[in-house]
Asker: 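Questions regarding the structure given below will be posed in turn.
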Amino acid sequence: MAPKVMLKAKGKNTKKFAAVADEDGGAVTAVYTFVKDWSTWTAKKAKVITHYGFIPLVIILGMNSEPKPSLSQLLSPV
């Protein structure tokens with residue numbers, strides 16, 4: 001048995017999308033919620049990747065630069 005999909009738009013523009021959904025049979029509202037959910041999910045994942053990946057990226061880029069520093073030189077504040 002497949003789960004039911006909610007086709008209600010939430011937020012400030014609910015009336016506008018409800019009017020379009022009545023004409024279009026709910027397809028526009030379904031696409032709107034899909035895009036909204038997908039973009040929110042993508043933004044959250046990008047935030048986590050950026051948060052945990054920035055410092056290692058800087059260290060890797062520093063290790064590959066000329067002249068080649070040691071790891072202790074890269075991590076020291078001086």
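Note that the numbering runs from 1 along the sequence shown for the chain. Hydrogens, waters and symmetry mates are skipped; everything else that's a heavy atom, side chains included, is used.
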Asker: Show the nearest heavy-atom pair for residues K68 and M63, with the distance to one decimal.
Answerer: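 Answer, listing the atom of K68 first, then M63: CD-O, 3.5 Å.
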Asker: If you link I, L, V, M, F, W and Y whenever their side-chain heavy atoms are under 4.5 Å apart, who else ends up in the same group as W38?
Answerer: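 Reading the cluster by chain and number, W38 sits alone, since nothing else belongs.
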Asker: Got a sec, which pairs hit side-chain hydrogen bond (donor to acceptor under 3.5 Å, both in side chains) with one end in residues 43-56, sequence neighbours left out?
Answerer: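 Listed by first then second residue: nothing to list.
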Asker: In terms of hydrophobic clusters joined by side-chain contacts under 4.5 Å, are V58 and I49 together?
Answerer: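 Hydrophobic grouping puts V58 apart from I49.
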Asker: Out of curiosity, I59 CD1 to L71 CG, how far, rounded to the nearest 0.5 Å?
Answerer: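 Here the rounded value is 6.5 Å.
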Asker: State plainly whether one hydrophobic cluster holds both V31 and F34, where clusters connect Ile, Leu, Val, Met, Phe, Trp and Tyr through side-chain heavy atoms under 4.5 angstrom apart.
Answerer: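 The answer is yes; both residues are in one hydrophobic cluster.
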Asker: Looking at residues at least two apart in the chain, or sitting in another chain, which of them share a side-chain hydrogen bond (donor to acceptor under 3.5 Å, both in side chains) with S70?
Answerer: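 Listed in chain order: S72.
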